[in-house]
Amino acid sequence: MHTFHQLYYHFIWATHGRERLIDRSWRPQLLAILNDEAKTRHGWPIRHNAMPDHVHLLVRLPPTVTIAQFIGEVKGATSFRVNRDVKPGFKLRWQEGYGVLSVRKDEVEKVSRYIDNQERHHAAGRLSDLLETTETHEDDWPEG
């Protein structure tokens with residue numbers, strides 16, 4: 001049976017303690033590993049980028065893949081492979097949580113540009129609060 005779906009998700013997660021550990025010299029290797037691990041888990045990566053203390057991933061997922069399992073496995077496998085293969089000189093660990101937003105198909109290009117231009121946005125201080133949120137202590141679910 002074939003199922004129509006357009007399930008796009010923007011993920012963001014940070015290094016443990018938001019430490020500025022992701023170095024420009026090995027960032028391409030990190031992103032290649034991230035791309036691999038997303039595909040291994042049936043995701044279709046659209047865009048990804050990394051700043052010294054966090055990572056963005058825009059991906060399309062089939063409806064059979066659960067969000068929490070997907071990102072948990074991607075984060076775990078990515079840090080494992082960076083530590084094993086890249087050997088950055090310290091143990092790369094991610095924060096416990098992550099941020100995730102569903103994205104409409106007509107928003108994919110705009111979110112992709114935002115991810116592509118991370119360095120410019122951070123340098124200019126023009127960040128999207130929504131696309132940069134990795135955790136919250138507030139419950140935004142409606143009462144009732």
Side-chain angles (χ1 to χ4, degrees), residues 2-141:
H2 297 283
T3 304
F4 172 77
H5 62 89
Q6 291 183 351
L7 302 173
Y8 300 94
Y9 299 96
H10 172 264
F11 291 95
I12 179 171
W13 66 94
T15 57
H16 186 73
R18 289 294 287 218
E19 290 185 73
R20 299 175 60 81
L21 299 174
I22 301 171
D23 191 80
R24 182 182 298 272
S25 66
W26 53 267
R27 182 171 61 182
Q29 292 168 276
L30 164 67
L31 296 176
I33 290 169
L34 174 59
N35 197 52
D36 259 5
E37 294 302 334
K39 287 179 181 176
T40 297
R41 285 154 185 83
H42 310 290
W44 182 54
I46 299 167
R47 284 294 196 288
H48 48 43
N49 205 346
M51 292 299 290
D53 66 348
H54 68 277
V55 175
H56 289 266
L57 171 65
L58 177 61
V59 64
R60 184 174 180 178
L61 297 177
T64 55
V65 173
T66 62
I67 295 168
Q69 183 173 353
F70 172 81
I71 196 61
E73 290 179 5
V74 165
K75 286 172 58 183
T78 300
S79 61
F80 174 81
R81 286 185 55 195
V82 166
N83 290 324
R84 184 192 68 193
D85 302 340
V86 178
K87 297 179 179 78
F90 57 87
K91 184 178 180 184
L92 177 65
R93 296 185 324 167
W94 303 121
Q95 72 174 20
E96 237 180 86
Y98 58 90
V100 61
L101 294 169
S102 57
V103 177
R104 293 188 323 265
K105 186 176 183 179
D106 64 355
E107 297 172 317
V108 166
E109 189 55 41
K110 183 177 180 180
V111 174
S112 294
R113 278 194 312 273
Y114 183 81
I115 292 170
D116 287 345
N117 293 307
Q118 273 292 287
E119 289 189 24
R120 188 176 329 147
H121 293 307
H122 280 271
R126 288 176 302 156
L127 301 175
S128 164
D129 288 341
L130 199 55
L131 295 178
E132 294 289 338
T133 300
T134 60
E135 60 187 298
T136 184
H137 301 290
E138 298 174 16
D139 184 357
D140 66 353
W141 284 88

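Any value given below was found using the heavy atoms of this structure, including those in side chains, with hydrogens, waters and symmetry copies removed. The shown structure was predicted, so the numbers you read here are calculated from the model rather than taken from an experiment.
Under the salt bridge (Lys or Arg N to Asp or Glu O under 4.0 Å) criterion, the residue pairs touching residues 42-52 are Arg47-Asp116, with sequence neighbours excluded. Here side chain to side chain donor-acceptor pair (under 3.5 Å) pairs that include residues 69-78, with residues two or more places apart or in two chains, are Arg41-Glu73, Gln69-Glu73.
Contact annotation: the side chain of His42 never approaches that of Thr64 to less than 4.5 Å [non-hydrogen atoms, C-beta and beyond]. Side-chain atoms of Pro88 and Val82, non-hydrogen and from C-beta on, do get closer than 4.5 Å to each other. Two residues are said to be in side-chain contact when any heavy atoms from C-beta on lie closer than 4.5 Å; Ile33 and Glu37 meet this criterion. With contacts defined as side-chain heavy-atom distances shorter than 4.5 Å, the pair Ser112/Leu58 qualifies. Using a 4.5 Å heavy-atom threshold, the side chains of Val55 and Phe11 count as separate. With a 4.5 Å cut-off on side-chain heavy atoms, Pro52 and Asp23 do not count as touching. Within the 4.5 Å cutoff, the side chain of Tyr8 has heavy atoms near those of the Lys105 side chain. You'll find the side chain of Lys39 reaches within 4.5 Å of the side chain of Pro45, heavy atoms only.
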* To do: Walk me through it: do Ile22 and Leu30 pass the test side chain to side chain contact (heavy atoms under 4.5 Å, CB included)?
  => CA-CA 9 Å; Ile22 301 171; Leu30 164 67; 3.8 Å; yes
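The pair Glu107-Lys110 does not meet the salt-bridge criterion, since no charged nitrogen lies less than 4.0 angstrom from a carboxylate oxygen.
At distances below 3.5 Å, at least one donor-acceptor pair connects side-chain atoms of Asn83 with backbone N or O atoms of Leu92. In this structure, Asn35 contributes its side chain and Leu31 its backbone to no donor-acceptor pair below 3.5 Å.
His10 and His56 form a side-chain donor-acceptor contact under 3.5 Å, judged by distance and modelled atom types alone.
Scored by the side-chain contact (heavy atoms from CB on, under 4.5 Å) test, Glu19 finds Thr15, Leu21 as partners (sequence neighbours excluded).
The 12-atom threshold is not exceeded at CZ of Arg24, counting heavy atoms of other residues, nucleotides or ligands nearer than 6.0 Å. Counted within 6.0 Å of NE2 on His16, heavy atoms from surrounding residues, nucleotides or ligands total 12 or fewer; the atom is thus considered open.
For the atom pair CZ (Phe70) and OH (Tyr9), the distance works out to 10.5 Å, reported to the nearest 0.5 Å. The OG1 atom of Thr66 sits 11.0 Å away from the CD1 atom of Ile71 when rounded to the nearest 0.5 Å. Taking CG of Leu61 as the start and CD of Gln6 as the end, the distance is 13.5 Å to the nearest 0.5 Å. With values rounded to the nearest 0.5 angstrom, Leu34 atom CG is found 10.0 Å from Asn49 atom CG.
Between Trp13 and Trp94, the ring-plane angle classifies as perpendicular under the 30° and 60° cut-offs.
Minimum interatomic distance between Ala50 and Arg27 (heavy atoms only, all atoms of both residues): O-NH1, 2.8 Å. Pro63 and Thr3 make their closest contact through CG-CG2, 4.3 Å (heavy atoms, listed as atom of the first residue, atom of the second, distance). Counting all heavy atoms, side chain and backbone alike, Arg18 lies closest to Asp53 at NE-OD2, 3.2 Å.
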